[in-house]
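Here the structure comes first, spelled out in structure tokens, and everything after it is commentary.
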Number of protein chains: 2
Amino acid sequence: MDANSSPPRAGGRGGRTSGTAGAVWLRGPRTYRDSTLTSDRIIAEAIVLLDGEGAGRLTMRRLAEHLGVGPTTLYWHVKTKDDVIDLAVDAIFDEVSLPEPSSRWDDDVRALVLQWRATMLRHPWAAGLLGRPLLGPNVLERTEFLQATLRRAGFEGPVLAAATHGLANYVIGSAATQSTWQHLATPELQQSADAHVRAHADLYPTLAVTHHLGEHDWDDLFRRGLEFMLAGLGSPA
Amino acid sequence: MDANSSPPRAGGRGGRTSGTAGAVWLRGPRTYRDSTLTSDRIIAEAIVLLDGEGAGRLTMRRLAEHLGVGPTTLYWHVKTKDDVIDLAVDAIFDEVSLPEPSSRWDDDVRALVLQWRATMLRHPWAAGLLGRPLLGPNVLERTEFLQATLRRAGFEGPVLAAATHGLANYVIGSAATQSTWQHLATPELQQSADAHVRAHADLYPTLAVTHHLGEHDWDDLFRRGLEFMLAGLGSPA
DNA sequence: CCACTAATAGAACGTTGGTCTATGCGCAGA
DNA sequence: TCTGCGCATAGACCAACGTTCTATTAGTGG
């Protein structure tokens, strides 16, 4: 807030630290104005902001304010806002822990994919940020795990590529759909959407009966779809 | 461009059309300054702009300019820019023609899903616009068709819902991934991404061997994944 | 000819992402 | 202890954006 008023903060550690030998160890790493702004801290705060208020309300100024820092200062640590977003997206994938390989490859896939999905749902803004290349180390590491698991299961060549893509795209699509409905659409919108479909039951007879937009058991839905995919993979292995 | 200079355009049809009976038929529908701006024309031009330059370069001002119209005029026909986008997204789904129901339900699904995908690839900006509810009539009609087809095939209850969602989410995820790579990532980025993965072959051993990011046979990949899903659906029907 | 409505344009506001430039802090060496 | 020097921060500013408010014009019905 008013972190940039007149009295300058105390820098470093207490008082005078002239060229005394050995003082380095007491001083610790380079500190500046005692709050070292790093790109990591920026990304972390960006994620907090995104989690709390959604992608639309992430602005460089608000982000700087939350960090107690001038708006333009961020650009010293980060090139553009797009960089912030890309880094934030990759950062959340750190939460997807890689399962310990078991004796059943499909169990490993299940475990990974469920965590992947859970992470995307924990940060629903991530779904709306697809459409940008996912090349961060965390994403690549998870993709590597998925593909390596499938490869150990015996898939190869085009089949392996298709299996990897199929599973990944299913997760991405599912998470995007669910995030959209759960977090970006207000309950009123969900209800009126439901009402709208039922009001036009002549146009959407099947949807009107079966498609209760707001009342899905999303977990069950996802798991069933995943089992379809795994079953389809099972035969031509 | 300079459509708003001093000389006002000629309105209506030639000269005086006072209260002469029967003149309505000669006059045709209400015309104003001989170029009737409608929300349909706005959406159509928005799609042209989106196709040509991507989502990032669609602004109300540029859209108005392309229509030879003042920037604020659009707001008479359209409430907000989000409306334009929502309408544009739904409009492109008009290109997804509903297949004639055949004797094999899976062929119908294949036909629909392939067209769905093709349309999304034809308008690659659409993928980045997921994360907003798809509730337009065109989208709903296609979803209705998909679900109705599966229902006729014997699916019911949670299985039906899972099958619909599974297929739709697979299409969405696949199209998003491919659009991202083909259109939003420059060839240089693709190449350097490839190089990056191979340079870190220690971290991504499987990807380094198999994952040629820029050189996928996307059609083949998608079809194989779709067949996995359909095969998985086939068994527990 | 006049009032009325539909449609257009313009000025302007607040906010955004980003750049350019100046300022201050902390450290190393003399 | 003083003096540079580079890392880090802030401020003024810019062009562009979405949108609103208000004025103006074209066409219609009386």
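Letters A, B, ... mirror the listed sequences (proteins, then strands); counts begin at 1.
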| request: Figure out the CG/C1' separation between B:L58 and D:dA16, and round it to whole Å. | output: 14 Å
| field | Within-4.5 Å side-chain heavy-atom neighbours: B:L167 and B:W116 | value | no
| query | Within this structure, what is the CD-to-P distance between B:E65 and C:dT8, rounded to whole angstrom? | reply | 17 Å
| task | With heavy atoms under 4.0 Å as the rule, sort A:L63 into base, sugar-phosphate or nothing. | result | nothing
| field | Contact check, side chains of B:H77 and B:L37, non-hydrogen atoms, under 4.5 Å | value | yes
| query | Roughly how bent is the helix from C:dC1-D:dG30 to C:dA30-D:dT1 end to end, in steps of 10 degrees, with each end axis from five pairs? | reply | 10°
| Whole angstrom value for the distance that separates C1' of D:dA8 from CZ of A:R41 | 13 Å
| task | If the plane angle is over 60° it's perpendicular, under 30° parallel, otherwise tilted; pick one for B:W218 and B:H216. | result | perpendicular
| field | Partners meeting side chain to side chain donor-acceptor pair (under 3.5 Å) with A:D83 (sequence neighbours left out) | value | none
| message | Does any part of the side chain of B:L203, heavy atoms only, come nearer than 4.5 Å to the side chain of A:E144, both counted from C-beta? | response | no
| message | Less than 4.5 Å apart, side chain to side chain, heavy atoms only: is that true for B:Y204 and A:Q147? | response | no
| said: Please verify the inter-ring angle class for A:F222 with A:Y170; under 30° counts as parallel, over 60° as perpendicular, anything in between as tilted. | reply: parallel
| message | What is the separation between atom CD1 on B:I42 and atom C1' on D:dG18, rounded to the nearest whole Å? | response | 15 Å
| Heavy atom of residues 71-84 of chain B under 4.0 Å from DNA chain C: which residues? | B:T72, B:T73, B:W76, B:H77
| said: A:D219 vs A:R117, test: salt bridge (Lys or Arg N to Asp or Glu O under 4.0 Å). Steps then yes/no. | reply: CA-CA 10 Å; A:D219 288 1; A:R117 168 175 177 265; 3.0 Å; yes
| request: Would you kindly give the CZ-to-C1' distance between B:R61 and C:dA12, to the nearest whole Å? | output: 10 Å
